[in-house]
Amino acid sequence: MTSPDTLRYTRIPLTHGTGAMPAVGFGTLIPDPLVTTQATKTALEVGFRHLDCAERYRNEDAVGDAMQAVFKAGTVRREDLFVTTKLWNSNHRPERVKPAFDASLRRLQLDYVDCYLIHTPFAFQPGDEQDPRDASGQVIYDREVTLIDTWQALERLVDDGHCQAIGLSDVSLEKLREVVAAAHIKPAVVQVESHPYLPEWDLLDFCKEHGIVLLAFAALGHGLDPRMLDDPVITGIAQGVGKTPAQVALAWAVQRGTAFLTTSTKPARIQENFNISTLPEDAMREIREGIATNVRFNTVVHTGVPGFIPRTNDQERERPHG
Ligand SMILES: NC(=O)c1ccc[n+]([C@@H]2O[C@H](COP(=O)([O-])OP(=O)(O)OC[C@H]3O[C@@H](n4cnc5c(N)ncnc54)[C@H](OP(=O)(O)O)[C@@H]3O)[C@@H](O)[C@H]2O)c1
């Protein structure tokens, strides 16, 4: 008798924080709040135990409602969940960090989060406007605060017992090195775009060497062109192992040692994305060696301004954030 495949239950212990992150994560970047609550609730019901949130998504309260629903139903306990949220660019000034963190907790209806990330390394003009622009439409950056100043404010949250782990998002390897060198609490997690078309092997090597979990967003390539899920290497493996292309890409993410975030508003896909199984080693090798396409879909890493690059789908232009 073969033992059941446990890949979907993989948990990655945090070297620089408390607890362990479930490798299989559900992202809550969903524009409509009612759809957010419904999709998040479905994700929790099918087995996701890791939720990714952000003040920038403007729907933390809707995610909170989904969590409250499963807590009240008794199907999931708070301690079984790993919840991450993120500090937005307009709150980088150290004195704004704790109030922003508290506001996220209030909206999420939680008394702690498992991980708090700096959403991007770019500081915007401080204030309640998330997207401050000058008269010519240019983003107003805040030159008075450094990433290290903001990092130290996050360290204080951990020191004072308000959250279990802290990390960064949308950083380059260079920026990550700077923070690691200056930190008294090193980043537990780094969240960046990553998928078979953007494997970020150098960043992953650095993260492994320094005990940092690499959390891959857009693990399915955000459904944009060129469609990674239609890549012949991915579809060929999927056919061979009797799984879907999405399940192949997600299993690859976990087996190479990352956690991942995926998002869907469709119950069948949410279930599909949870039901991953271990790929044979030759499939892992084939994805690494047989795919030459290299595409970054999200430009946020260059500017701090959210957004997937629209390629063929004009509707992407309308998406509010990302
Ligand atoms: N740190 C950052 O700056 C940042 C930026 C972007 C995202 N994120 C986080 O990462 C999460 C995931 O990002 P993402 O939305 O780009 O993830 P993704 O899973 O790569 O892309 C989601 C897209 O794929 C489709 N999809 C989902 N499951 C599928 C399946 N099994 N087969 C085919 N298509 C499928 C979805 O459409 P349907 O809804 O129609 O199924 C949706 O259009 C976000 O929710 C957010 O939490 C962080």
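Just the heavy atoms: all of them, side chains too, but no hydrogens, waters or symmetry mates, feed the values below. Order of listing sets the numbers, starting from 1, for every ligand and every atom in it. Since the model is a prediction, treat every value here as computed from it, not as a measurement.
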Under 4.0 Å, heavy-atom basis, I'd like to know which part of His222 is in contact with ligand 1: side chain, backbone, both or neither. both
For Phe217 and ligand 1, does the shortest N/O to N/O distance drop below 3.5 Å? no
Element-labelled atoms of ligand 1 that are located less than 4.0 Å from some non-hydrogen atom of Thr262: 19 (O)
Contact between Phe308 and ligand 1, counting heavy atoms under 4.0 Å? yes
Near Thr28, which atoms of ligand 1 are under 4.0 Å from a heavy atom of that residue? 45 (O), 47 (O)
Closest to atom 35 (C) of ligand 1 among Lys266, Glu272, Arg269 (heavy-atom distance): Arg269
Which atom pair, heavy atoms only, marks the closest approach of Thr40 to Thr28? OG1-CG2, 3.9 Å
Does the N or O separation between Leu220 and ligand 1 drop below 3.5 Å for any pair? yes
Looking only at heavy atoms of His195, does any of them come nearer than 4.0 Å to an atom of ligand 1? no
Is the contact between Cys53 and ligand 1 made by the side chain, the backbone, both, or neither, using heavy atoms and a 4.0 Å cut-off? neither
On a heavy-atom basis, the closest approach of Phe122 and His302 is CZ-O, 3.3 Å
Does the side-chain contact (heavy atoms from CB on, under 4.5 Å) test come out yes or no for Arg177 and Phe206, once each step is laid out? CA-CA 9 Å; Arg177 280 185 205 279; Phe206 180 88; 3.6 Å; yes
Within 45 degrees of the axis of the six-membered ring of Phe101 and under 6.0 Å from its centre: does Arg106 put its NZ or CZ there? no
A student comparing Ala218, Gly307, Ala54, Gly27 should find that the heavy atom closest to atom 17 (O) of ligand 1 comes from Ala218
Any nitrogen or oxygen of Arg227, side chain or backbone, less than 3.5 Å from one on ligand 1? no
State whether Arg256 and Glu200 are salt-bridged, where the test is any N-O pair (Lys NZ or Arg NE/NH1/NH2 against Asp/Glu carboxylate O) under 4.0 Å. no
Tell me the closest heavy-atom pair linking Arg96 and Pro126, and the distance in Å. CD-CB, 3.8 Å
Logged contact type for Ile30 with ligand 1, heavy-atom cut-off 4.0 Å, is neither
Select the closest option to atom 11 (C) of ligand 1 among Thr263, Leu29, Thr36, Val192, judged by heavy-atom distance. Thr263
Answer with side chain, backbone, both or neither: which part of Ala246 has a heavy atom less than 4.0 angstrom from an atom of ligand 1? side chain
On a heavy-atom basis, the closest approach of Gly304 and Trp88 is O-CH2, 3.5 Å
I need the minimum non-hydrogen distance between Lys41 and Ala66, along with the two atoms involved. N-CB, 3.7 Å
Tell me whether the rings of His119 and Tyr57 are parallel (<30°), tilted (30 to 60°) or perpendicular (>60°). perpendicular
Please confirm whether Phe297 approaches ligand 1 to less than 4.0 Å, judged on its heavy atoms. no
Polar contacts were defined as any N/O atom of the residue lying under 3.5 Å from an N/O atom of the ligand; does this apply to Asp52 and ligand 1? yes
Asn59 and Thr36 side chains, donor-acceptor separation under 3.5 Å: yes
How close do Ile148 and Val179 get, counting heavy atoms only, and between which atoms? CD1-CA, 4.0 Å
Ring pair (Phe, Tyr, Trp, His ring centres under 6.0 Å) for His222 and Phe308? Distances and angles first, verdict last. CA-CA 8 Å; His222 198 66; Phe308 283 98; 3.4 Å; yes
Atom indices of ligand 1 within 4.0 angstrom of Gln191 heavy atoms, with elements: 1 (N), 2 (C), 4 (C), 8 (N), 9 (C), 48 (C)
List ligand 1 atoms under 4.0 Å from Thr265, heavy atoms only on the residue side. 39 (O)
Logged contact type for Thr244 with ligand 1, heavy-atom cut-off 4.0 Å, is neither
Polar atom proximity, Lys86 to ligand 1 (N or O, under 3.5 Å): no
Any cation-pi pair here, Arg288 with Trp201, using under 6.0 Å and within 45°? yes
Residue Ser169 vicinity, atoms of ligand 1 by number, heavy atom under 4.0 Å: 1 (N), 2 (C)
Give the atom numbers and elements of ligand 1 that come within less than 4.0 Å of a heavy atom of Leu261. 9 (C), 10 (O), 11 (C), 12 (C)
